[in-house]
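Numbered from 1 within each chain, the chains take letters A, B, ... in sequence-line order.
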Amino acid sequence: MSVRVRFAPSPTGALHIGGVRTALYNYLFARQHGGTFILRIEDTDQNRYVPGAEAYIVEALKWVGLLPDEGVGFGGELGPYRQSERKPVYHQYAHELVAKGKAYFAFDTPEALEAARQAEENFTYNAHTRHLLSNSLSLPAETVQQRLAAGDPYVIRLRVEPGQDVHIQDLIRGAVVFQSSELDDKVLLKTDGMPTYHLANIVDDHLMGITHVIRGEEWLPSTAHHVLLYQAFGWTDTMPQFAHLPLILKPVGNGKLSKRDGAKFGIPVFPLAWAGETAEDSFPGFREAGFLPAATLNFLALLGWHPGGDQEIFSLDELIQAFSLEHISKGGARFDYEKAKWFNQRYIQTMDPAALAAAIQPLAAAKGYQADTAFLSQVVQLMKERVTVLPDFVEQGYYLFEAIKLYDDEMIAKKWSAGLQPAFEALIGAVENAPVFEAAPLEEQVKQFIQDQGLKPGEVLPLLRLALAGTMKGPAVFEMAAVLGRAESTRRLREGMDYFNRCIAANA
RNA sequence: GGCCCGUUCGUCUAGGGGUUAGGACGCAGGAUUUUCAUUCCUGUAACACGGGUUCGAUUCCCGUACGGGCUACCA
């Protein structure tokens, strides 16, 4: 039987970066086995539904390149893949369970349940307490029929029989056992007719032929209920195998990574930026921070999984080849932004210049720079060894696009003196009239000039750099000059010298 | 509180009854580059604790501690 896995997010807001990792592992598993990767939208909570969240999820998956084979917006024969559109299905199956005696109607109001919890600290709706509450197991059959006929609101609860062991063989954690006496009678169908996660997930996984459920560790405790549900429906022979992933933890401190950590540590914890109703509900994303999709995926893949060996850089194809559930760590993985940046830096270094140029084109345009891809390609080759995220190109290397905004006065004071002026003027002339305005010949010519003048490279080259870029940080001087061009370089050298003199004068 | 899961350098991890416990990020130092960065080299640093089992445990078992998750008509 071919592998079918699903990524099943709930559209309650931006998709957490941990969700992207879950999607990635599902995707890798499916691809490796020649299986099918399905996107299912679990929008059964009408109260928490957030408009735009579903579109965000799809856009995020597209950005990292994890395209579903089936799902909302991706076709497939076993839809609809949006749970809110499957309401009648859940109604039917929930009532089937009641008919089989595996579930029951319950009329308890939220207030009544709240009162029960108040009365008893560890109140649980189960075999011990259900006879004290209002449901079809405690009430006379006629009363139940009357209330149902009268349209009284009701939920359907799973009837958990105590005294049995529920065994799970988790693909990551091994054998896990739960005592059914510890389990509560979970609500399956809510008053509004929508299913809870528990019902919807079992019904859909069954109907959609899911073979492996790869999800976050937070689902491990309720997996016992899920197994009971498969048993109740009589679907145990096709029950999927479970794999519960370790959580992603905060960069520092305790607990799992939350959306608030983004603001707290000044780092993105979402794939894409999210514009919420308020500033407090809006978050930056990896894409906007200047991360490459491939680097983001590589980083996430290794957060909780490693195939063994010393390899760190994996293409998506290599990840597909190397992936295995057995090599997923059991313990939670701390979110390490420094490592994420390192991956990005590596990917930028090895990326094709033309592709990189295309990637930074929008960033340049946003800054108002009129730069064609040929020029951007040159910029990229000068800067790619010294940036970590995409915006660094236009921020750190701004002087390649526009006039110098700030000079390193301290360095100027250290290097410039009025006595250098005649030589510098002659140098400007030599540069202006250079026979070939390309990095290598220019360098050769200038160094010869320096030698002829009886100067040392260390006396002149830093000044050249300062005049060209304003800062001591940056690419090779002559490569910069070549990219800037003859006219602009000469102009900067003249302006630079003027500035040097003013700078010295101001300090005197 | 109850139930469940986990614990190898600061971080991500490899490994596995007998190893100098390996790699990567970070950090520190050095080389190259008359800038910055890249690259290269070197260094730093770990098996949570206590009992077993065993000739021998970091590795297997049991406890403890610590961490995490769940405990809704949320997913």
Determine whether a donor-acceptor pair (one donor, one acceptor, N or O, separation below 3.5 Å) exists between the side chain of [X] and the base of [N].
| X | N | result |
| --- | --- | --- |
| A/R334 | B/C12 | no |
| A/R465 | B/U35 | yes |
| A/R48 | B/C74 | yes |
| A/K473 | B/A37 | no |

Which nucleotide in [options] has an atom nearest any side-chain atom of [X]:
| X | options | answer |
| --- | --- | --- |
| A/K256 | B/A37, B/G69, B/C25 | B/G69 |
| A/K190 | B/G68, B/C73, B/A24 | B/C73 |
| A/Y197 | B/G6, B/G67, B/A75 | B/A75 |

Problem set entry | Touch class at under 4.0 angstrom, heavy-atom based, for A/S222 against every strand present | nothing
For this session: Indicate, with a heavy-atom threshold strictly under 4.0 Å, whether A/G255 touches base, sugar-phosphate, or nothing.
Result: sugar-phosphate
For this session: Look only at the side chain of A/D185 and the backbone of A/R159, and say whether a donor-acceptor pair between them is shorter than 3.5 Å.
Result: no
Problem set entry | A/K456 side chain to A/I450 backbone, donor-acceptor under 3.5 Å | no
Problem set entry | Whole angstrom value for the distance that separates P of B/C36 from CE of A/M480 | 13 Å
Exercise. Over how many whole Å does the gap from A/E121 atom CD to B/G1 atom P extend?
Worked result: 11 Å
Exercise. Can you find a side chain N or O atom of A/H306 that sits less than 4.0 Å from OP1 or OP2 on B/G22?
Worked result: no
For this session: Establish, yes or no, whether a centroid distance under 6.0 Å links the rings of A/W342 and A/F299.
Result: no
Exercise. For A/D392 and A/T388, does a side-chain donor sit closer than 3.5 Å to a side-chain acceptor?
Worked result: yes
